[in-house]
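Accompanying notes for the structure given below.
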Protein chains: 2
Amino acid sequence: MAPVNTILDRKLVFHSLGAVSEGLRMAEATCQQRGLQFTEIRRSVLECMWQSGQPIGAYELLRMLGQKFGRPLSPPTVYRALEFLQEQGFVTRIETKNAFVPCAFPDRDHACVFFICDQCGNSFEVQNAKAEALFEEDAGNLGFRIDKRVIELQGACASCLSLEATGN
Amino acid sequence: MAPVNTILDRKLVFHSLGAVSEGLRMAEATCQQRGLQFTEIRRSVLECMWQSGQPIGAYELLRMLGQKFGRPLSPPTVYRALEFLQEQGFVTRIETKNAFVPCAFPDRDHACVFFICDQCGNSFEVQNAKAEALFEEDAGNLGFRIDKRVIELQGACASCLSLEATGN
DNA sequence: GCACGAAATGTTATAACGTTGCATATCGAA
DNA sequence: TTCGATATGCAACGTTATAACATTTCGTGC
């Protein structure tokens, strides 16, 4: 492991199961504060995402919710909930997977870097202020105004690499 | 405009019309060198993409090629050509648009940053070695091996911003 | 409580994007 | 020219996402 100071200016979060209830509480509190409805569907969608621990597709959410509610839901229902959760910063879309993850940094402006393991499917979310600054510099040179950043780095995570090394 | 030295370590390319024939020549030469077939379909797909000047979807390519060939082509035909062109580094997929652009840096390992204007649709491709180094550092700390980078920055380009400023 | 507008959800259909599987044709080298 | 490898044709299907409109629920002022 690298020395601690190299990651001092970054926070790092693994989408672990332990974060489920905390993530939900946070979202609920934020909605209340903003005067928005944290409805059962929205809550359930977010809950499924935290429980999944991996990027999860809209149609898989649809199936899970169908089970949970005991009746079939339709795509617009799920997509509307996802749209709301994204607007509020509770959820981020993983473009390279057509899938969604609960956001570990809802406070910040979604300038996160995602490391996505192609083998196990896990995603790791990192904030990297220096990279943001570099992109802003490029943007300045181009006269470009950045509204949204999508940074997805695909490859193999530490645990999959070590499994590979020990002979699969 | 910012001082030149801030972009010294980067190349910058606008997907301009003038680059069409050069892009095609380069692809053809590279295929010959690699012993690969630069067939009419592959060539036509790449040509459409260079001519478009913007990220272009597979089904729009399909329509354009249908016109050009005077008969309808099927989705697999286009997707197979796109797959080939991506493998050879002539084309990059823009994940946030489900679209494709001809690659301005086919020699490098696709570690490009795309600035994509939401208003006019144009895309700008930039190489930023420093950002790459930062991500590699993060990856090192995570024990992660990066195989593929997707970096797409959405917003408003200089010309659209200036149009906006002068009263739409 | 109730009336009313705003917000959320239900429902149906369809658009947009991408893949599978197998048949046929073309290329390139022995 | 024969044969394997590569490329294309083609039909059907799978997946992801949205449009359009009806209905229900929520929150507020009376």
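Just so it is clear: chains get the letters A, B, ... in the order the sequence lines come, proteins before strands, and each one is counted from 1.
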May I ask you to decide whether Asp118(B) forms a salt bridge with Lys97(B), counting only side-chain N to carboxylate O separations under 4.0 Å? yes

In this structure, would Trp50(B) and Phe84(B) fall into the same cluster of hydrophobic residues linked by side-chain contacts under 4.5 Å? yes

Protein-nucleotide distance (Glu60(A), atom CD; dT16(D), atom P), rounded to Å: 9 Å

Would you mind writing out the side-chain donor-acceptor pairs for residues 67-82 of chain B within the sub-3.5 Å range, not counting sequence neighbours?
residue	atom	partner	partner atom	Å
Lys68(B)	NZ	Glu47(B)	OE1	2.6
Ser74(B)	OG	Thr77(B)	OG1	3.4

Please report the C-alpha distance between Glu136(B) and Arg149(B) in whole Å, then the side-chain angles of each, then the deciding distance to 0.1 Å, and finally whether the salt bridge (charged side-chain N to carboxylate O under 4.0 Å, His left out) criterion is met. CA-CA 11 Å; Glu136(B) 281 302 338; Arg149(B) 285 163 276 249; 3.5 Å; yes

For the pair Phe135(A) and Phe135(B), name the ring-plane relationship: parallel under 30°, tilted 30 to 60°, perpendicular over 60°. tilted

Is the CD atom of Glu40(B) crowded by more than 12 outside heavy atoms at less than 6.0 Å? no

Rounded distance in Å - OH (Tyr59(B)) to P (dT16(D)): 14 Å

Between Arg93(B) and Glu95(B), does any NZ, NE, NH1 or NH2 come within less than 4.0 Å of an OD or OE carboxylate oxygen? yes

With Arg43(A) as the cation and Phe38(A) as the aromatic partner, state whether NZ or CZ is under 6.0 Å from the six-membered ring centre and within 45° of the axis. no

Close side-chain approach of Gln86(A) to Phe100(A), heavy-atom, < 4.5 Å: yes

Nt span of DNA chain C in reach of chain A heavy atoms at under 4.0 Å, 5' end first, is dA7(C) to dT12(C)

To the nearest angstrom, the CZ-C1' distance between Phe84(B) and dT6(D) comes to 11 Å

Among the clusters formed by ILVMFWY side chains lying less than 4.5 Å apart, do Phe144(B) and Val113(A) turn up in the same one? yes

Please check this pair: side chain of Thr30(A) against backbone of Met26(A), looking for a donor-acceptor N/O pair closer than 3.5 Å. yes

Roughly what angle, to 10°, lies between the helix axis at the start of the helix from dG1(C)-dC30(D) to dA30(C)-dT1(D) and the one at its end, five pairs per end? 30°

Contact string for nucleotides 20-30 of chain D, one letter per nucleotide 5' to 3', B = base within protein heavy-atom range under 4.0 Å, S = sugar-phosphate only, - = neither, reads ------S----

Using modelled atom types only, decide if a donor and an acceptor are shared between the side chain of Glu152(A) and the backbone of Thr96(A) within a distance under 3.5 Å. yes

Using a 4.0 Å cut-off on heavy atoms, which residues in residues 40-48 of chain A reach DNA chain C? List them by number, or say none. Ile41(A), Arg42(A)

Atom pair distance, as rounded to whole Å: OH in Tyr79(B) and P in dC10(D): 19 Å

Would you say Thr166(A)'s side chain and Ser162(A)'s backbone share a donor-acceptor pair under 3.5 angstrom? yes

Does any residue of residues 65-75 of chain B have a heavy atom under 4.0 Å from DNA chain D, and if so, which ones, in number order? Arg71(B), Ser74(B)

Determine whether a donor-acceptor pair (N or O, by modelled atom type, separation under 3.5 Å) exists between the side chain of Arg145(B) and the backbone of Cys157(A). no

Main-chain N/O of Cys120(A) paired with Gln54(A) side-chain donor or acceptor, under 3.5 Å: yes

Thr77(B) vs dA7(D): side-chain N/O to OP1/OP2 distance below 4.0 Å: no

